[in-house]
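One-based numbering along the sequence shown.
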Amino acid sequence: MATNNLSIENTQNRYQRKFRFDWILGVILVLALFLYGWQIWKAGSANAFYTAAIKSMTESFHNFWYGSFDPAGYITVDKPPVALWFMAISAKIFGLHGWSIVLPSVLFGVRSVYLMYRLIQPYFGQNAARLSALALTLTPIVVADSRTNNMDATLVFFLMLALYFLEKAIGSRKIWSLLISFALIGIAFNVKMLQAFMILPAMYLFYWLAANETWKKKITKLTLATVSLLVFTLAYPISVDMTPASSRPYVGGSETNSLLELAFGYNGSERLLGQTTGTGGTFGAGMNSKTTNKKGGGMPGGQAPTGMKQTGKHQTPPGGKQMKGQPNGGKGGPGKMGNGGGGGGAFNIGTAGPFRLFQSALGPEVSWLLPFALFGLIGGLVFFRDRRKRWFSLSKQQKQLILWTSWLIPVYGFFSVASFFHPYYMIMLAPPIAALFGTGVTALVGLFKNSLRTSWKFYLLPIAIVATAALQSWYVYSYYPWLTWVILIAAIGFSVGMAVLPRGRAFQALLVGGLISIMAAPTWWSLTPTIAAESAMIPTAGPSLFTSSSNGMPGGGGGMGNSSVNTKLLNYVEKHQGNAKYLFATSDSTTAAPYIIKTGKAVMAMGGFNGTDPAITLSQFKKLVKNGDLKYFYYSGRSGNTKIINWIKKHATKVKTSLYQSSSSNGSQAGMGGPGATTTTKSTKQAKAPNSKQAPAGAPSGKKKPTGKPGAKPSTKSNPKLKSTQKAGQSNSKSTQKQTTMQGPGGMGSSGVLYDLSSIYK
């Protein structure tokens, strides 16, 4: 064992003197580039909420600096703009295209894979580093996130870069590397706020354990590092909050027009407690517990999501009809959550508890290798122990394991109890799981070879493989029942073979076979977003991407990239805009986004993303109308400022529907070069969901129980009332069909109402 530790230390020293590129790492990076980048030219507008902001940010430095959602600088997105800065720069260089706004996420994803290798190789060798990099590359949610213009791939990159400089600070004992490390966490805070701070406990603990310095120096340096953290964390938010409100956009998502309040409120405590002021409701703990399902049809707290009416157990969109293909609120086994890629939908995060991340709602996104990682952690702490020292003395490798474990535990704990987050946030768990998997293989193989059959250490490797295969077989069962048995039989067979032949080339072949048996399923799940060309608002992975209809709902296909524009309405408001500052106003960003992307003109999202931000008062709105800055308001039926909407309904003139509506509204893609989208009317039969339990607005479409067969129709056996409802829907009049027209988020079909505001003060 001592010889093994010396060998690893010599490898580390050679690595520090000169880094030689590993050609196998090159292959892994090419694989990552393929998975993350292939078909991003079909991204459409990806997450249209952020894409509209990127479009606006390219119009002026003022919009760029604040992350303004609209070209007029009325309101920002509900996150700091650092990640969007990279995307806006890319769009400015290459033009606004689907691939140009996604490109930064692709590159950050590939760089994270490279950093994983660099963080593992000096301490555990090339094989462990390769396996860790490969595991990160093939984590399904990493692939899905890296293919969108969401901020999570950017966040993970900055967190891993911070660890890289932390390692340099310990090795070189230079204060500047430590200051840079903590400064990068401050920058990461301005990517996605408090989510970046989840790894701070790991950084403080690791530096205290690993730095070869006196405790006084450690305290001094960590104090200075904390100052660096605070400076880079607070510099931007304080500068925004100190700027007069009249000189900057309203901070979207906040209640008090404060970026700091946004960080600690909507993006902070409310994520944990579920008191989501930004969504107009309260999310209960667990999201999909039995209680919340009964009360809210999948929405905790019994609250209907924004823009949805609540009728008994069901939630319906404006117009009174249920959306096609909505998930069933999370009941059932894996794969029974609609278009969630085996993981659920936009708000399906399982039931709160210590095993939430193993459940079918979240597990298929990130937890495929988690059992092996946990066994690998146990084996690593044993295998890498330096027997020359006392039992409480930690080797360099053990300290590294503590670093990754200290990342894993707080993040695992938070998401086990938090009430308001999306499944794609699971990317935060991908780096520690990948690191513990790669190092775990090295440790468990070492214990297996060096232990007798009578020792428990001998059986850790085969048990880890079988336990991991068992979890994976459960994940794949709802899609491919046959694959369940293939995984189990292969894993058990290879594990037994290793026990019988623990030495020589036969063992090496069996080991490779065992690892392949537990890497095959997550590899296929990771391929699905690439094959399906997914660049969704709510990223996800899984075979359901192949069976979901491309209707613009988050979590499938192009997500909000399929949002359509009512060309007739657009032509009308453009023709009559005159000198007005805004093309028109509407309640929420989701409705406004496609029109900003299409035209580059200012569309006022009165209440921000969900329509509930107190960004403007009635008196301020009246002033805009009186001054001629705003002539039209489009009421899409979504939530908004009740006082303003009631005032509009009372005093404004309704535009004749024939001037901006049609029985079949011709939709067009929002100017992003993605697949064309047309808006067509749907009968009640088409709009009816296959299950009475409805997911929140914006949840992905799909079947109740995916079968893995493309084109399969939803079954109506589980809902006897559905057949009769469908028959009744076939005889509906044309006017009824017009009322039930459904589009992707942001689409403006014939069910909305356009108001002329210019007549109020004539």
Side-chain angles (χ1 to χ4, degrees), residues 1-12 119-135 368-406 408 432-472 490-519:
M1 187 65 66
T3 302
N4 181 69
N5 287 333
L6 287 173
S7 176
I8 293 176
E9 290 178 6
N10 290 334
T11 300
Q12 178 186 349
L119 288 167
I120 298 298
Q121 195 271 344
Y123 305 96
F124 299 96
Q126 281 189 333
N127 289 334
R130 292 165 178 169
L131 288 170
S132 296
L134 181 62
W368 296 89
L369 299 175
L370 183 53
F372 195 102
L374 296 177
F375 279 99
L377 171 62
I378 297 171
L381 293 174
V382 175
F383 179 71
F384 294 113
R385 176 187 171 191
D386 190 344
R387 298 186 181 277
R388 298 172 300 174
K389 300 180 180 180
R390 296 182 180 180
W391 65 271
F392 54 81
S393 297
L394 299 173
S395 66
K396 290 184 178 180
Q397 293 74 33
Q398 287 177 317
K399 292 173 184 176
Q400 292 292 321
L401 295 176
I402 291 175
L403 169 65
W404 294 108
T405 306
S406 300
L408 177 66
I433 291 176
L436 293 176
F437 170 76
T439 59
V441 171
T442 299
L444 294 182
V445 170
L447 288 176
F448 186 85
K449 289 182 175 180
N450 297 330
S451 301
L452 299 175
R453 283 190 172 88
T454 55
S455 173
W456 62 272
K457 302 173 188 177
F458 179 85
Y459 297 99
L460 279 178
L461 176 61
I463 291 175
I465 292 175
V466 173
T468 304
L471 179 67
Q472 293 182 3
I492 294 173
F494 286 122
S495 297
V496 172
M498 284 189 289
V500 174
L501 301 170
R503 303 288 186 274
R505 293 183 178 179
F507 167 77
Q508 294 177 355
L510 292 168
L511 174 63
V512 171
L515 293 178
I516 291 175
S517 70
I518 60 174
M519 292 294 290

[X] and [Y]: which non-hydrogen atoms are nearest, and at how many Å?
{"X": "Gly379", "Y": "Leu444", "answer": "CA-CD2, 3.9 Å"}
{"X": "Leu369", "Y": "Met519", "answer": "CD1-SD, 3.8 Å"}
{"X": "Ala443", "Y": "Gly376", "answer": "CB-O, 4.4 Å"}
{"X": "Thr442", "Y": "Ala128", "answer": "OG1-CB, 3.3 Å"}
{"X": "Gln472", "Y": "Ile518", "answer": "NE2-O, 2.7 Å"}
{"X": "Ala491", "Y": "Val466", "answer": "O-CG2, 4.2 Å"}

Taking only residues two or more places apart in sequence or in another chain, which ones pass side chain to side chain contact (heavy atoms under 4.5 Å, CB included) with [X]?
{"X": "Leu471", "result": "Phe358, Pro371, Trp474, Tyr475"}
{"X": "Ser132", "result": "Met116, Ile120"}
{"X": "Leu511", "result": "Val445, Leu461, Met498, Phe507, Leu515"}
{"X": "Ile463", "result": "Phe375, Tyr459"}

Do [X] and [Y] have side chains that get closer than 4.5 Å, going by heavy atoms?
{"X": "Phe494", "Y": "Val512", "result": "no"}
{"X": "Val496", "Y": "Pro462", "result": "no"}
{"X": "Phe384", "Y": "Tyr123", "result": "no"}
{"X": "Leu452", "Y": "Lys457", "result": "no"}
{"X": "Trp404", "Y": "Leu119", "result": "yes"}
{"X": "Leu447", "Y": "Val382", "result": "yes"}

**Request:** Applying ring-ring contact (aromatic ring centres under 6.0 Å, His included), name anything that partners Phe372, two or more places apart in sequence or on another chain.
**Result:**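 Listed in chain order: Phe437.
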**Request:** Taking ring-ring contact (aromatic ring centres under 6.0 Å, His included) as the test, write out the residues that go with Phe458, two or more places apart.
**Result:**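 By the ring-ring contact (aromatic ring centres under 6.0 Å, His included) rule, Phe458 matches Phe448.
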**Prompt:** So, does Arg130 use its side chain to make a donor-acceptor pair with the main chain of Gly125 at under 3.5 Å?
**Reply:** no
**Message:** Quick check against the 3.5 Å criterion: does Gln398 have a side-chain atom that pairs as donor or acceptor with the backbone of Leu381?
**Reply:** yes
What is the distance from atom [atom1] of [X] to atom [atom2] of [Y], rounded to the nearest 0.5 Å?
{"X": "Leu403", "Y": "Leu408", "atom1": "CG", "atom2": "CG", "result": "11.5 Å"}
{"X": "Thr405", "Y": "Leu377", "atom1": "OG1", "atom2": "CG", "result": "4.0 Å"}
{"X": "Leu401", "Y": "Lys396", "atom1": "CG", "atom2": "NZ", "result": "14.5 Å"}
{"X": "Ile402", "Y": "Leu394", "atom1": "CD1", "atom2": "CG", "result": "4.5 Å"}
{"X": "Phe383", "Y": "Gln397", "atom1": "CZ", "atom2": "CD", "result": "9.5 Å"}

